[in-house]
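Remarks on the structure that follows.
In each ligand, atom 1 is the first atom listed, and ligand 1 is the first ligand listed.
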Amino acid sequence: MLEYVERKGTCSSKWDGLNETFGADGLLPLWVADMDFRVDSHITGAITDYIKTGIYGYYVIPDSYYDSFIEWEKNEHGLSVEREWIRYSPGVVCGFNFALQVLTSPGDAVIVTTPVYYPFLHAVTNNDRRLVCSELVNREGRYYIDFEDFENRIISEDVKAFIFCSPHNPVSRVWSADEISHILEICRKHGVAVISDEIHHDLVFNGSVHTPTMSLAAKNDRLIMFTSASKTFNIAGLRNSFVVIRNPEVRAEWDRFMTGLRLNMGNPMGYIVSEAAFRYGKEWLTEIREVICGNYEYIKEQFALHLPHVVMTPLEATYLAWADFSYYFSPEEIQPFMQDKCRLAFDYGSWFGGDKSGSFIRINLATRRENITEMVNRIITEAGCRL
Ligand SMILES: Cc1ncc(COP(=O)(O)O)c(C=O)c1O
């Protein structure tokens, strides 16, 4: 049984870090992708055992950690990963920042498909690469890649790398095997390296099936896959993620770069919780998936009744709902309405790049129903007063 935890006052960035991002406190937080539920008891058990040893010296990563990931990928996603392909990164975001440095040079063009998880955009510009955006096509709330535009931009901008979000945050899209194959084919044809962020791969819904990019790639494709147990099992604070590189040349380039940083080992607790999550977290994951789906359906139902022109993107993956309020609010109006009138904190569409999502919000669904009901009521009531 999932246990909701009151997180205010626990140094939670979601609850206690509002001021830094929104310039205000006391908002009901439905923004950053962090859950409000206690982790599976096997995870707390494993970390407690470690803490009780009273020794926190340098650590040797056990084989069982790698095995738990290899088994998870095989059983959950049908992906065969070999031990020697796996590397460590203290997070997926810093991982794809490293990958840009490994796979591209300053000034190189890097493509993303917008709207997309905004650290992709920042990674490109912060590393002095050139940002090229191919806008996803929104058809009644569901999003599609415009392959022609994607390829044309690769050619005209001489793109060297693509940062792929699969499943896609914020548009909740699980890309089909055909779509992924098409992307790989275009990238291969034009010598574009692929950085595939698959952190949301376990959180898929409504019959969708995640296809790992690597399962469709050729052996010599310049591909780096990133994933983690962190989003799936709510352990992101422990900074442990997996880098999978099958191409030996790319692996050697990665290793050379990481050796320069001396970043070959993380905090022991990150390894311990990731392994416990993969080995024992399945039941907890089933429960959290039900909560996420239930919250999504509730919001969709309520908006359909009271604000029928809100377009909710279908929930295929992630615990983040993507809602289009453009019928009701201009891009300039949405944040003042949600923040000042409703006292709510969301990730706003304009953060995610492209120019078509200014009136969207991204809603974090991984909280208790009372918070979701409160959020919906505030929006409906305030919107009712205003419209
Ligand atoms: C697509 C995507 N990648 C990466 C992350 C964060 O990864 P990390 O905390 O491991 O840096 C998130 C968090 O929401 C995400 O949505």
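Checked by distance only, ligand 1 and Lys231 come closer than 3.5 Å through their nitrogen or oxygen atoms. Between Gly91 and ligand 1, not a single N/O pair is under 3.5 Å apart. Between Ser230 and ligand 1, no N or O atom pair is found at a separation short of 3.5 Å. Not one N or O of Phe96 is nearer than 3.5 Å to an N or O of ligand 1, by distance alone.
Near Asn169, meaning under 4.0 Å from one of its heavy atoms, ligand 1 places the atoms 15 (C), 16 (O). Close contacts of ligand 1 with Ala33, meaning ligand atoms under 4.0 Å from a residue heavy atom, involve 14 (O). Close approach to Cys165 involves these atoms of ligand 1, each under 4.0 Å from a residue heavy atom: 1 (C).
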Legend entry - Test ring pair (Phe, Tyr, Trp, His ring centres under 6.0 Å) applied to Trp322 and Phe352, step by step: CA-CA 11 Å; Trp322 186 237; Phe352 295 85; 5.4 Å; yes
Legend entry - Check against ring pair (Phe, Tyr, Trp, His ring centres under 6.0 Å), Phe303 and Phe325: CA-CA 10 Å; Phe303 285 163; Phe325 277 79; 5.5 Å; yes
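The closest donor-acceptor contact from the side chain of Asp197 to the backbone of Phe164 lies at 3.5 Å or more, if one exists at all. Side-chain atoms of Thr113 never come within 3.5 Å of backbone atoms of Leu136 as a donor-acceptor pair (strictly under, hydrogens ignored).
Ring pair Tyr50/Tyr271: centre-to-centre distance not below 6.0 Å.
Atom 3 (N) of ligand 1 has its closest protein heavy atom at Asp197 OD2, 2.5 Å. Summary of contacts: the protein heavy atom closest to atom 11 (O) of ligand 1 is Val93 N, 3.0 Å. When only non-hydrogen protein atoms are considered, atom 10 (O) of ligand 1 lies nearest to Val92 N, 2.7 Å. What sits closest to atom 5 (C) of ligand 1 on the protein, heavy atoms only, is Tyr117 OH, 3.2 Å. The shortest contact between atom 9 (O) of ligand 1 and any protein heavy atom is with Arg239 NH1, 3.2 Å.
Within the structure, the closest approach of Ser228 to ligand 1 does not fall below 4.0 Å when heavy atoms are considered.
Ring pair Phe278/Phe242 is tilted by interplanar angle, where 30° to 60° counts as tilted.
Atom-to-atom distance recorded for Leu203:CG and Ser208:OG is 12.0 Å, nearest 0.5 angstrom.
Note that Arg369 lies outside the cation-pi zone of Tyr4, set by a 6.0 Å cut-off to the ring centre and a 45° limit from the axis.
Across the listed options Ile199, Val116, Asn97, Ile199 owns the non-hydrogen atom lying nearest to atom 7 (O) of ligand 1.
Thr367 and Asn371 share a side-chain donor-acceptor pair at under 3.5 Å.
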